[in-house]
Amino acid sequence: MLTGKEILLLDLYSFQRWPDVRAAFDRFGSYTPSWSAARRQAVADDGDTDWWNAISPAYR
């Protein structure tokens, strides 16, 4: 049982960018990964869809 005083650590592997993950934790207290949200944000930031198109078949 957690008492609220523990410090929990986790390894997080995601295609989401850290600022997006942190914002979700700050805003909602949790994070739910989303392939489409990660892709949409990365394409908006970088304008490059080639990388996402190349790796997406492996995650279907």
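Residue indices begin at 1 and follow the sequence shown.
Clustering ILVMFWY residues whenever any of their side-chain heavy atoms sit less than 4.5 angstrom apart, transitively, puts Phe28 in a cluster other than the one holding Val21.
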#### Entry: Steps toward side chain to side chain contact (heavy atoms under 4.5 Å, CB included) verdict (Asn53, Arg39)
CA-CA 9 Å; Asn53 293 341; Arg39 184 183 191 284; 2.8 Å; yes
### Query
Does the salt bridge (charged side-chain N to carboxylate O under 4.0 Å, His left out) test come out yes or no for Arg40 and Asp45, once each step is laid out?
CA-CA 9 Å; Arg40 184 174 49 252; Asp45 290 348; over 6 Å; no
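Pairing each heavy atom of Val43 with each of Asp48, the nearest pair is CG2-O, 3.9 Å.
Side-chain atoms of Asp46 and Gln41, non-hydrogen and from C-beta on, never get closer than 4.5 Å to each other.
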